[in-house]
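Scroll down for the structure; my scribbles are underneath it.
Each chain gets a letter, A, B and so on, in the order the sequences are listed, and its residues count up from 1.
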Amino acid sequence: MKKKILAILLAAMLALGALSACGSPATDPSAPPSEGSEPEAEAHKIGVIFYGRDDALGSCVYEEVNHAAEVIGVEVEWALGDYDTAAQLTSAENLVSAGCEGIMFMPIEDASAQRVGQYCEENGVWFAICFRDILDQDIKAYVEGCEYYVGSCWEDDAGAAEEMVAVLAENGRTTYGLEKLNPSIALAVRNDGYAAGAEANGGEIVAEYEVPNDGNSQTHINGITNFLNLYPDMDAILMTTASQGAAEAIMNTLKQNTTSEQIQVVTFDLYEGIAEDFESGWVAAAAAGNSPDALFVFLMLANSVEGTPLSDSFINLSQKEIIVTSAEECADFEKYIDNPDFQIYSDDIIRSLNGKFNSEVSLEDFTELMEAFSLDWVKENSVQ
Amino acid sequence: MKRLDKGLLKNLAPYAGLIAITLIFALTTGGRFTQARNLTNIIGQSMVTMIAACGCTFVMAHNNLDFSLGGGCALISAASFLVTRGENLPLTLLMCMVFGVLCSLVTALIHVKGRIPAFMAGMCIMFVGRGVVEGLATNMVMNLPAAATAYANNMVYLAFLVVVFALSVFVFNYTKVGKAQKLIGANPRAAELSGIAVGRYKAIAFAISGLTLGIASFLTMIRIGSVTKTIGSGLETDVLIALTLGGIPLAGGTDTRMRSALIGSLTYYVLGNGLMIWGLDANVISIVKGVIFLATVYVTMERREGSYAL
């Protein structure tokens, strides 16, 4: 028995020791500087709290931020996989303990923005928010009043939704079913955008079902089946999210029960096989391409951490989304934007947005680049 | 002598585990793990789990699991908020304790009177609680006054922990309530035949678990400053893993020790903190935690002669 216990303890310790070597280079505290790197004073460190890096958006954000950090000589420490406020606050505490001077995070809910922000404020740590606006006005006012709040960035989801409904209307489709997001989450502005788009284009949302919190595919299947059975005049589905298997469940249900002549889909986010669905007419438009959001927030935050803030006050940036409307655009999108191995912005551009390399960097430099963001711009400026 | 050694090793294993991982992280993180602020954070983060685990130990001692903790925390927090709007913190705390006891008594009632396994009854509460709070959070904002979060500091948490742990140790080791739990866990039939009202004592254990859950819910509320639809997420698994890492016998009984709540919770949060400082992915962290959890169960689990897995 003694031997067994010792063997298990030893195995666990060895496993821990071995796994420690698997840590990301960007986060290894003891890693020596790479050859050829500029001799610098101790690099500033920024913590990033993000939901994960396993899906398309997460993997792009992870690579873009790590790459930018390397280019501008900042250290990054990641906290991945937190899905509630308490967990995000715990990660913020751990990151600050680990020496991070700035925290970038995507708040899982408004309360998280407040508590993480409050913690950073109390500890004199800069913080910035990516991919989310704050819905609760009291919390928003609190966060915007924080001295260490650098700013945020979010997408014009409502505008993208309206634009996609316009594409459907051009195709003669005006009777819609809505895959609705829970109104309490920030992304629910997509519901509103679809509603506004329907109204503006003489269409009507005749039915809806709510996206399940746990991503249960059966909820999507039941919702779509009900649409098809109860609303024979319905000619399009407005999808607010394709993630967590929603797109696969919805598209498979549609393909098994109807035709693309009867129903077309518009969606946020791309999914596996969407190019084929564009070709066969199932999909009319898809909004995606928001990963630079985190890159710009990270660079904005780095400037504040390094003592060259872009503004004396907080900054709200807006990230454009790309509306993909064909299989060809889809292929380009997957090659140039939805590709963690491809850097959208060159090292020179990244450096030009950092006060250490460009003492004249300004907020306008950021907004101009963000305004110019499009599939064509990325293709034209591709250097890889 | 051999039996004594076995028991001693089993008792020492949780301490050895905690010391081992602490040393590993202290030696491999370039001093970041041992920074005072980091150690303070770990202790602060673990105290809510410790408090919930103290009550849960009573339930595990009589060989049951309370799976209602996460959903219960959500339900308790929301119900308390609806009564007090979070404006009167002592009253909110009181309401949390009252709703905590009520919530757990429902679990106990379903289990004892309905003869339904406690973990299934707990899961019912978990789902109901989560559903109710998600519905509420969709339709209303449940923010506590900004001043409430000022109380979310380690000294306040420590004061609660000291009181809860001291009372738990006393009740568990020196009163009939605690002794009955261990006897029921060791042999429920024998306990019944010796005149112990098994159902009643089980209900008392759940009530105590509910009381500590109420306190943990209150502390969670002031920590996050709001009642959100994710409040208390994963609390049941956090507590179960913490108690297991602390060496609690999974079948309950006389070897159950209240210290498991403290040692295990600390081990759990040290692990999470150290692995994050190492920079491991969330997925790898989960795998490492799983391996260590399994190893702990293997070492501490009591196996009876001739028993086999079903």
Side-chain angles (χ1 to χ4, degrees), chain A residues 1-2 4-5 8-9 11-13 15-17 19-30 51-54 77-91 93-99 108-112 114-115 118 123 135-136 138-139 142 182-185 210 213, chain B residues 2 5-6 9-10 13 16-17 20-21 24 28-30 32 35 37-42 44-45 48 134 137-139 141 143 146 149 152 220 223-234 269 272-288 291-292 295 298-299:
Chain A
M1 185 63 188
K2 277 185 195 173
K4 274 186 186 173
I5 293 167
I8 290 165
L9 282 174
M13 288 167 74
L16 285 167
L19 282 164
S20 70
C22 304
S24 137
T27 62
D28 185 352
S30 56
Y51 68 88
R53 59 166 188 165
D54 295 330
E77 188 132 339
W78 291 84
L80 300 169
D82 298 328
Y83 289 99
D84 61 80
T85 298
Q88 290 201 317
L89 178 58
T90 296
S91 286
E93 291 170 347
N94 290 340
L95 290 169
V96 172
S97 295
I108 209 78
E109 52 204 356
D110 284 353
S112 174
Q114 181 176 27
R115 288 300 286 128
Q118 188 179 359
N123 287 276
L135 294 182
D136 184 296
D138 291 339
I139 292 178
Y142 171 81
N182 187 301
S184 68
I185 65 171
E210 191 165 306
N213 288 326
Chain B
K2 192 180 173 186
D5 284 351
K6 191 177 159 188
L9 278 174
K10 206 180 282 184
I21 60 168
I24 289 171
T28 57
T29 54
R32 286 191 292 168
Q35 282 176 3
R37 183 152 71 171
N38 191 49
L39 296 176
T40 309
N41 275 345
I42 293 172
Q45 290 159 7
V48 168
E134 280 180 9
T138 300
N139 295 300
V141 176
N143 290 340
T149 54
T220 304
R223 177 167 163 78
I224 65 175
S226 178
V227 180
T228 67
K229 60 184 178 182
T230 61
I231 192 170
S233 289
Y269 282 89
N273 181 275
L275 294 173
M276 199 214 74
I277 293 179
W278 274 358
L280 297 186
D281 284 355
N283 296 340
V284 179
I285 289 176
S286 295
I287 292 168
V288 174
V291 169
I292 291 173
Y298 186 82
V299 171

Please report the interatomic distance [atom1]([X]) to [atom2]([Y]), rounded to the nearest 0.5 Å.
X        : Y        : atom1 : atom2 : result
A/Thr90  : B/Ile42  : OG1   : CD1   : 11.0 Å
B/Met276 : A/Glu77  : CE    : CD    : 5.0 Å
A/Leu89  : B/Ile224 : CG    : CD1   : 9.0 Å
A/Asp138 : B/Ser226 : CG    : OG    : 11.0 Å

Handout entry: B/Arg37 side chain near A/Asn123 side chain, heavy-atom distance below 4.5 Å
Key =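 Yes; the side chains approach each other to less than 4.5 Å.
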Handout entry: For the student: nearest non-hydrogen atoms of A/Gln114 and B/Gly225, plus distance
Key =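 Taking A/Gln114 first and B/Gly225 second, the nearest heavy atoms are OE1-O, 4.5 Å.
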Exercise for the section: Compare every heavy atom of B/Thr230 with every heavy atom of A/Thr85, then report the nearest pair and how far apart it is. Expected result: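 Smallest interatomic distance, heavy atoms only, reads N-OG1, 3.9 Å.
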Part of [X] within contact of chain B (heavy atom distance under 4.5 Å):
X        : value
A/Gln88  : neither
A/Asn94  : both
A/Glu109 : side chain
A/Ile139 : side chain
A/Tyr142 : neither

